[in-house]
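Notes follow once the structure below has been shown.
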Amino acid sequence: MEFKSKIKTIEWVDNYSKMVDQTVIPYEYKFVNITSGKEMFEAIRNMIVRGAPAIGIAGAHGVILYAQEFEQEGLTREEFVKKLIEKAEYMKTSRPTAVNLMWAVDKQIEVIKNSKSDIKGIIEELKANGIKLENEDIEINKKIGDYGAEVVPKGATILTHCNAGALATVGYGTALGVVRSAFAKDNTIQVFADETRPRQQGARITTFELAMDGIPVTLITDGMCSYFMKKGMIDMVVVGADRIAANGDTANKIGTYTVAIAAKYHNIPFYIAAPLSTIDVSIKSGDEIPIEERSHEEVTHINGKPVCALKGVNVINPGFDVTPAELISGIITEKGILRPDYKKSISEAFNL
Ligand code: MRU
């Protein structure tokens, strides 16, 4: 039985990108239409759209939006192509860690470079490719979900960190795709969701989307994970990824590394669920992954309201951390579950 998720996070509609506004969940579930390249850059940077695969698609849509704008400027084909590629490169800088953004924008740059068409034709090709990437994302996530479901024990309690769900992708999700596929086979499984400070993607988004799909979920704060592991209440951990190096080291939302260490200590399997597009074979290890530094306000405030922090206190706010490959039991991809030695299994998956 296939699990039907109701969520479609981002889609191309005629001449604009329609996306769920993730900044207002769970208070509101509303869509925004992004109609220019600049707006898309800001939507990615300000996390109206977030989650590695979703921002990849957003970046691909951003290139179409820029193309539509430049079509109005009366440029020659050559000028149009040059300007569009420059702006596509710029779109890649909207967030630094999730490599899916660079991957998807590069797919659009390939379309531009390979096109033999006039400006109108290039735009049509970019739209077709954007929609293809959207559809593929859902199909890939379903495959990840089905492979992952095979390693979920009966009646399992699955801990996850951040949101690697339908709302972090076009639909279905990676880590929560595993949950959805497992739930379709065994509706006695449940999820423990880490709150995920500072931006609370777990509290706000993971609980929201699982509740929307009728999957049991319990919210805990980030520091509670080892307590519940020690009590034998967690059977496995599944999280998403923003970038995986060629040796399997994995960047994901800040706090993931702590969960992985706790899981290792308690002998609990720790899985990453991610499409192959999240694997960056150009970098040898996690040391090379750029880590986004976000605003201090995210730590001192929640929803614009100050938390009880000393006014003017020193703050540091890296958005991601890197979990060393040795803590990872498996990387669940659309081509199956990659196992250690990751240098070998990753290079085989890429036919290197
Ligand atoms: O800062 P965010 O909310 O974009 O971070 C999201 C994550 O860290 C997710 O776990 C990751 O992108 C995987 S999404 C399938």
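Start at 1 and go down the list; that is how both ligands and their atoms are numbered.
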Does ligand 1 come near enough to Ala52 that some N or O of the ligand is less than 3.5 Å from an N or O of the residue? yes
Among all protein heavy atoms, pick out the one at the shortest distance from atom 6 (C) of ligand 1; state its residue, atom name and that distance to 0.1 Å. Arg50 NH2, 3.5 Å
Indicate yes or no: does an N/O atom of His161 lie under 3.5 Å from an N/O atom of ligand 1? no
Side chains of Gln201 and Thr196, donor plus acceptor under 3.5 Å: no
In terms of relative ring orientation, are Tyr29 and Phe31 parallel, tilted or perpendicular, with 30° and 60° separating the classes? perpendicular
Does Glu292 come within less than 4.0 angstrom of ligand 1, counting non-hydrogen atoms of the residue? no
Nearest to atom 5 (O) of ligand 1 by heavy atom, Gln22, Met47, Lys253: which? Lys253
Cationic N near anionic O, under 4.0 Å, Glu73 to Lys83: yes
Hey, does Asn163 sit under 4.0 Å from ligand 1 if you only count heavy atoms? yes
Enumerate the atoms of ligand 1 whose separation from the nearest heavy atom of Asn252 is less than 4.0 angstrom. 7 (C), 8 (O), 9 (C), 10 (O), 11 (C)
Ligand-side contact atoms (ligand 1) for residue partner Ala164, heavy atom cut-off under 4.0 Å: 14 (S), 15 (C)
Could a heavy atom of Gly319 be found less than 4.0 Å from some atom of ligand 1? no
Run through Glu297, Glu298, Glu292 and flag the one making a salt bridge (Lys or Arg N to Asp or Glu O under 4.0 Å) with Arg199. Glu298
For the pair Lys143 and Glu136, find out whether any cationic side-chain nitrogen is under 4.0 Å from an anionic carboxylate oxygen. no
Going by the closest heavy atom to atom 13 (C) of ligand 1, which one wins out of Gly51, Ala241, Gly202? Ala241
Give the ring-plane orientation class for Phe41 versus Tyr90, where under 30° counts as parallel, over 60° as perpendicular and anything between as tilted. parallel
Apply salt bridge (Lys or Arg N to Asp or Glu O under 4.0 Å) to the pair Arg197 and Asp222, showing each step before the final yes or no. CA-CA 7 Å; Arg197 276 287 281 151; Asp222 298 353; over 6 Å; no
Ionic contact status for Asp321 with Lys253, cut-off 4.0 Å: no
Proximal ligand 1 atoms for Arg95, defined as those under 4.0 Å from one of its heavy atoms: 1 (O), 2 (P), 4 (O)
Provide, to 0.1 Å, the distance between atom 14 (S) of ligand 1 and the closest protein heavy atom, together with that atom's residue and name. Ala168 CB, 3.4 Å
For Thr169 and ligand 1, does the shortest N/O to N/O distance drop below 3.5 Å? no
Using only heavy-atom distances, determine whether the side chains of Asn100 and Thr278 contain a donor-acceptor pair under 3.5 Å. yes
Identify the closest protein heavy atom to atom 7 (C) of ligand 1: which residue and atom is it, and at what distance? Asp242 OD1, 3.3 Å
Just jot down the ligand 1 atoms closer than 4.0 angstrom to any heavy atom of Gln201, in number order. 1 (O), 2 (P), 3 (O)
On the six-membered ring of Phe70, is Lys87 placed so that its NZ or CZ lies under 6.0 angstrom from the centre and within 45° of the ring axis? no
So, is Thr174 polar-close to ligand 1, with some N/O to N/O distance under 3.5 Å? no
Using the rule given for salt bridge (Lys or Arg N to Asp or Glu O under 4.0 Å), can you reason through Glu11 versus Lys8, listing the C-alpha separation, both sets of side-chain angles and the distance that settles it, and then say yes or no? CA-CA 7 Å; Glu11 77 184 302; Lys8 185 144 194 207; 3.7 Å; yes
Out of curiosity, is Ala98 lining ligand 1, as in a heavy atom under 4.0 Å away? no
